[in-house]
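Source: prediction; values computed, not measured. The sequence lines fix the lettering, A, B, ..., with proteins before strands; numbering per chain opens at 1.
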Amino acid sequence: MGVSLEDIVSLAKRRGFIFPSSEIYGGLAGVYDYGPLGIALKHNIQNLWWNSFVTSRDDMYPMDAAILMNKKVWEASGHATGFNDPMVECSNCHSRLRQDHIDGNKCPVCGKEDTLGEPKQFNMMFKTNTGPTEDKDSISYLRPETAQGMFVNFKNILDTVQPDMPFGLAQIGKAFRNEISPRDFLFRLREMEQMEIEYFVQSDKWEEAFEQWRLSMMDFFKKVGLPENNIHELEVPEEDRAHYSKRTIDFQFDFPFKTDELAGLAYRGDYDLKNHQEASGKDLQYRPKDGSSPFLPHVIEPSFGVERLVLALLISAYSEDEQVGEKRVFLKLPAEIAPVKVAVFPLLKNKPELVAKAKEVYKMLKDEIGAVMFDDNGNIGKRYRRQDEIGTPWCLTVDFDSLEDDTLTLRSRDTTQQERVKVNEISKRLS
RNA sequence: GCGGGUGUAUUUCAGUGGUAGAAUGUGACCUUCCCAAGGUCGAGAUGCGGGUUCGAUUCCCGCCACCCGCACCA
């Protein structure tokens, strides 16, 4: 029996991973806040991504574009129109349909005539106003994707870092979509974070680059701790692809509620650069250093949703152990992304010498590792269970022998097995 | 956004037209020589706003949030 979404939501709340936004006022649909453990988990995922795709490569350039941009960006990209579909609703069958999909006054779902209401504007982009006046000219949008921030900086990057082809831009940042109906916890959100790459290639090299990125993405899923057999590559058929894309792969994950997109890999051609070149009147061509003809690069776009990764990880890590006694719930997170790497306890709370020694070890590890927790609450079993539930891979217990021979008990989250380790060998043992 | 359901403590749940209880978690103290032991004391809730009523957590209305379907997902 797999884990239910409710188990995850409840654990996330109870242990301080994820809270509904502004919960004391009743929350806000499609928006969630990260608590101490949640933000640690999220940062660890982001750092792993950043290290995998940016710092460990020499063809990647990081950047961070602002959320607010000139609205012409969205006119050129097609979002201003594509995100603005007039919709009508049938008063008979309650279907809601795009007006441009309807022919005449007949409802295409139930077939009744004259049941369609007045068209209503649906805009997926959040609007705001820049400057003190609120009029048409002051409208700005919260970006619905981070990608455009990279395309509109393409010229700046060419001019300042003179990259060799092929090269990529990478960015982690918030994006906002005014979803009609946010659903399924962190799956469909109105405010979310994306990790995106725009990888620029010569037009005849796109297939090769696409394949390399496909493999790199699979590698990343593995590294971050998602089981391979819960991830499925879906070749998006032509009729479902954006018209400019010759190929798109959705990486789908088996969520408890449905199997759906976790990340995407799209070939965008030169659609974006071409649009921005035309709309801005600026020359966005790449000029090869060997003096050959300038050209507009084509783009491969690997795109990850941070919250979907967080959710997929919590689901994958959630484990139950039915051994002796009560069932044990633990999060089998890879040590690299677990919010707490190691917890330190005195075996007994009322023995000052044990507590002092445990605090000493805690301080030492805190300096070295950082993600360390000290706990002397209740009894040793409770502390193990508590750490299990937040995914801490290791616990260290100071007992009376520790005072004599400077060894500690190292206990594993996954096996509950224990071994003795010397204090000065702990950090070696944990890495 | 539509239809249906739900909303009581951190969580999981009881319950009542006369201002609420459990389990669990949690804080303090005691106890405890390795897997949620035990004891004492403590903090902690009726989503928000109206209405009906002498009195509403309970009934009605609106809003908000969540769940299930539908639609949407560039």
Side-chain angles (χ1 to χ4, degrees), chain A residues 4-7 9-16 19-32 35 74 77-85 87-98 101 109 117 120-125 144-145 147-148 177-185 187-190 240-245 248 250 257 260-261 264 266 268 271 321 323-330 345-351 354 377-389 395-403 408-413 415-418 420:
Chain A
S4 75
L5 191 60
E6 279 148 26
D7 293 333
V9 174
S10 167
L11 187 148
K13 173 79 194 303
R14 187 157 35 86
R15 291 303 190 183
F19 311 119
S21 161
S22 45
E23 194 186 12
I24 60 169
Y25 290 109
L28 183 64
V31 187
Y32 287 89
W74 307 112
S77 70
H79 288 83
T81 50
F83 261 51
N84 264 307
D85 299 317
M87 308 277 282
V88 295
E89 189 184 336
C90 171
S91 59
N92 180 52
C93 68
H94 299 298
S95 299
R96 186 171 287 280
L97 306 144
R98 275 172 64 162
H101 290 176
V109 177
K120 267 188 174 174
Q121 277 296 323
F122 273 68
N123 193 337
M124 299 293 278
M125 282 198 289
E145 63 173 27
Q148 297 304 324
R177 296 178 189 184
N178 212 346
E179 296 286 352
I180 293 173
S181 119
R183 277 289 160 93
D184 300 320
F185 195 36
F187 185 79
R188 174 153 298 131
L189 296 171
R190 293 205 166 114
D240 295 339
R241 288 195 303 255
H243 65 276
Y244 50 78
S245 181
T248 298
D250 281 354
F257 41 89
D260 209 329
E261 187 178 353
R268 297 177 75 127
Y271 176 80
D321 194 347
Q323 291 179 356
V324 254
E326 266 181 284
K327 114 182 149 182
R328 183 174 75 105
V329 170
F330 62 110
F345 318 137
L347 179 60
L348 298 174
K349 185 187 187 176
N350 61 352
K351 298 289 184 286
L354 293 185
N377 198 298
N379 60 54
I380 189 77
K382 278 193 182 183
R383 297 177 214 147
Y384 285 148
R385 296 302 179 90
R386 196 175 330 191
Q387 295 301 326
D388 284 344
E389 209 176 27
C395 293
L396 284 167
T397 299
V398 171
D399 59 20
F400 293 99
D401 292 341
S402 310
L403 303 174
L408 307 161
T409 302
L410 178 67
R411 180 262 195 187
S412 153
R413 171 197 68 199
T415 64
T416 75
Q417 296 298 303
Q418 307 183 351
R420 285 311 277 194

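- Here the C1' atom of nucleotide B/rG3 and the CD1 atom of A/Ile180 are 16 Å apart, to the nearest Å.
- A 3.5 Å limit on both hydrogen-bonding distances identifies no Watson-Crick or G-U partner for B/rU53.
- Judged by distance alone, the side chains of A/Thr416 and A/Tyr384 never bring a donor and an acceptor atom under 3.5 Å apart.
- Nucleotide B/rA23 is matched to B/rU11 when pairs are restricted to Watson-Crick or G-U wobble geometry with both distances under 3.5 angstrom.
- For the pair A/Arg183 and A/Phe187, the cation-pi criterion (under 6.0 Å, within 45° of the ring axis) is not fulfilled.
- For A/Arg383 against B/rC35, no side-chain N or O and base N or O form a donor-acceptor pair under 3.5 Å.
- Summarising the base pairing, B/rC63 is matched to B/rG47 through a Watson-Crick or G-U wobble pair whose two defining distances lie under 3.5 Å.
- Closest to the side chain of A/Glu179, out of B/rC34, B/rC72, B/rC29, is B/rC72.
- Inspection of the A/Asp7 and A/Ser10 side chains reveals no N or O donor paired with an N or O acceptor under 3.5 Å.
- A/Arg386 has a side-chain polar atom (N or O) that falls below the 4.0 Å cut-off from OP1 or OP2 of B/rU26.
- Residue A/Ser181 places no side-chain atom within donor-acceptor reach of the base of B/rC72, judged by atom type and a 3.5 Å distance cut-off alone.
- Expressed to the nearest 0.5 Å, how far CZ of A/Arg268 lies from OG1 of A/Thr248 amounts to 9.5 Å.
- Distances shown here put a side-chain N or O of A/Lys13 below 4.0 Å from the OP1 or OP2 atom of B/rU11.
- Rounded to whole Å, the distance from CE on A/Met124 to P on B/rG1 is 13 Å.
- Residue A/Arg328 places no side-chain atom within donor-acceptor reach of the base of B/rC35, judged by atom type and a 3.5 Å distance cut-off alone.
- Atom-to-atom, CZ of A/Arg15 to C1' of B/rU24 comes out at 11 Å; the value is rounded to the nearest Å.
- Residue side chain A/Tyr384 reaches the base of B/rC34 through a donor-acceptor N/O pair under 3.5 Å, judged by distance alone.
- Scanning atom types as modelled, one donor and one acceptor separated by under 3.5 angstrom connect the side chain of A/Arg183 and the base of B/rG69.
- At whole-Å resolution of the value, CD in A/Glu389 and P in B/rU11 are 13 Å apart.
- Side-chain nitrogen and oxygen atoms of A/Asn377 include at least one within less than 4.0 Å of the OP1 or OP2 phosphate oxygen of B/rG27.
- When heavy atoms are screened at a 4.0 angstrom cut-off, A/Glu23 is found touching no nucleic acid atom at all.
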